[in-house]
Amino acid sequence: QVQLVESGGGLVQAGGSLSLSCAASGRTFTNYAMGWFRQAPGKEREFVAAIRWNGRNRNYADSVKGRFTISRDNAKSTVYLQMNSLKPEDTAVYYCAADATQGIPIGTHFYDYWGQGTQVTVSS
């Protein structure tokens with residue numbers, strides 16, 4: 001089992017920044033690719049970003065490219081999502097997830113473990 005705990009959500013004005021963290025515990029962190037997803041009210045959960053176990057490969061949704069950056073610190077078993085130039089449409093609950101494959105998949109069904117989520121609200 002892998003336990004994931006997100007933190008760092010909150011309320012921010014459009015154009016502002018937030019940094020999310022996700023601390024993992026339970027199994028070897030480097031066994032997992034890590035992803036961030038989000039879910040807005042009434043919408044399906046969608047892919048935001050993913051990073052390979054060694055941090056050398058990343059994948060982003062088109063909607064966040066150039067604004068969001070995913071990173072990880074394997075020594076701290078933590079994955080981060082730096083969000084800049086936030087827009088009201090970025091408002092959602094953000095989830096981190098762990099995937100035991102060697103890739104950086106974008107589909108939710110690839111991920112084995114999920115955190116409880118953290119709310120991000122961007123006001124206009």
Side-chain angles (χ1 to χ4, degrees):
Q1 289 286 338
V2 175
Q3 292 78 43
L4 303 171
V5 179
E6 302 98 335
S7 60
L11 173 64
V12 65
Q13 288 190 332
S17 299
L18 277 177
S19 181
L20 304 184
S21 299
C22 173
S25 62
R27 288 194 176 176
T28 304
F29 187 60
T30 50
N31 286 349
Y32 297 89
M34 298 299 296
W36 284 98
F37 290 77
R38 65 187 182 187
Q39 188 166 18
K43 294 188 176 181
E44 292 187 353
R45 192 169 297 188
E46 65 174 6
F47 171 77
V48 175
I51 187 168
R52 203 168 179 182
W53 70 271
N54 59 7
R56 293 178 182 174
N57 301 93
R58 297 171 173 86
N59 198 359
Y60 294 96
D62 288 342
S63 58
V64 307
K65 278 181 182 176
R67 300 188 299 122
F68 290 12
T69 302
I70 188 171
S71 62
R72 65 190 293 162
D73 185 336
N74 288 341
K76 296 182 177 179
S77 298
T78 301
V79 62
Y80 306 95
L81 186 68
Q82 177 64 40
M83 304 185 294
N84 299 327
S85 302
L86 282 161
K87 305 175 181 179
E89 52 263 44
D90 294 318
T91 295
V93 177
Y94 282 71
Y95 299 89
C96 72
D99 161 43
T101 69
Q102 294 302 306
I104 40 174
I106 65 173
T108 57
H109 60 282
F110 287 104
Y111 289 81
D112 306 291
Y113 302 100
W114 294 82
Q116 82 289 350
T118 186
Q119 177 70 47
V120 171
T121 303
V122 184
S123 64
S124 57

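Along the sequence shown, residues are numbered consecutively beginning with 1. If you're wondering where the values come from, they're calculated on a predicted model, not measured in any experiment. All values below come from the heavy atoms of this structure, side chains included, with hydrogens, waters and symmetry mates left out.
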Can you name the nearest heavy-atom pair linking Gly9 to Val120, along with the distance? CA-CG2, 4.2 Å
Could you check Ile106, Val48, Ile70 and say which one makes a side chain to side chain contact (heavy atoms under 4.5 Å, CB included) with Tyr60? Ile70
Where does the angle between the aromatic ring planes of Tyr113 and Tyr32 fall among parallel (under 30°), tilted (30 to 60°) and perpendicular (over 60°)? perpendicular
Looking at Asn57, is its backbone amide N or carbonyl O close enough to the side chain of Arg52 to form a donor-acceptor pair, meaning the two atoms are under 3.5 Å apart? no
Between Asp90 and Lys87, does the salt bridge (charged side-chain N to carboxylate O under 4.0 Å, His left out) criterion hold? Intermediate values first, please. CA-CA 5 Å; Asp90 294 318; Lys87 305 175 181 179; over 6 Å; no
What is the minimum heavy-atom distance between Cys96 and Glu6, and which atoms define it? N-OE2, 2.9 Å
Is Asp99 reaching over with its side chain to a backbone N or O of Ile104, donor-acceptor style, under 3.5 angstrom? no
Looking at Gly117 and Val93, what are the two nearest heavy atoms and their distance? CA-CG1, 3.8 Å
Nearest heavy-atom approach of Asp112 to Ala100 is OD2-N, 3.0 Å
Would you check, one step at a time, whether the test side chain to side chain contact (heavy atoms under 4.5 Å, CB included) holds for Gln39 with Thr108? CA-CA 12 Å; Gln39 188 166 18; Thr108 57; over 6 Å; no
Joint hydrophobic cluster, Leu4 plus Val79, side-chain heavy atoms closer than 4.5 Å: yes
Would Met83 end up clustered with Val122 when hydrophobic side chains under 4.5 Å apart are linked, directly or stepwise? yes
Picking from Trp114, Tyr95, Tyr94, Phe110, what satisfies ring pair (Phe, Tyr, Trp, His ring centres under 6.0 Å) with Phe37? Trp114
Evaluate Gln13 against Leu86 for side chain to side chain contact (heavy atoms under 4.5 Å, CB included), listing each step before the verdict. CA-CA 8 Å; Gln13 288 190 332; Leu86 282 161; over 6 Å; no
Between Leu18 and Leu81, is there shared hydrophobic-cluster membership here, with clusters defined by ILVMFWY side-chain heavy atoms closer than 4.5 Å? yes
How long is the gap from OG on Ser71 to CE on Met34, to the nearest 0.5 Å? 11.5 Å
So, for Phe47 and Asn59, which heavy atoms are closest and what is the spacing to 0.1 Å? CZ-O, 3.5 Å
Grouping I, L, V, M, F, W and Y whenever their side-chain heavy atoms are under 4.5 Å apart, do Phe68 and Ile51 come out in a common cluster? yes
Which atom names give the shortest non-hydrogen contact between Ala33 and Gly103, and what distance separates them? CB-O, 3.3 Å
At what distance, to the nearest 0.5 angstrom, does OG1 of Thr78 lie from CG of Leu20? 12.5 Å
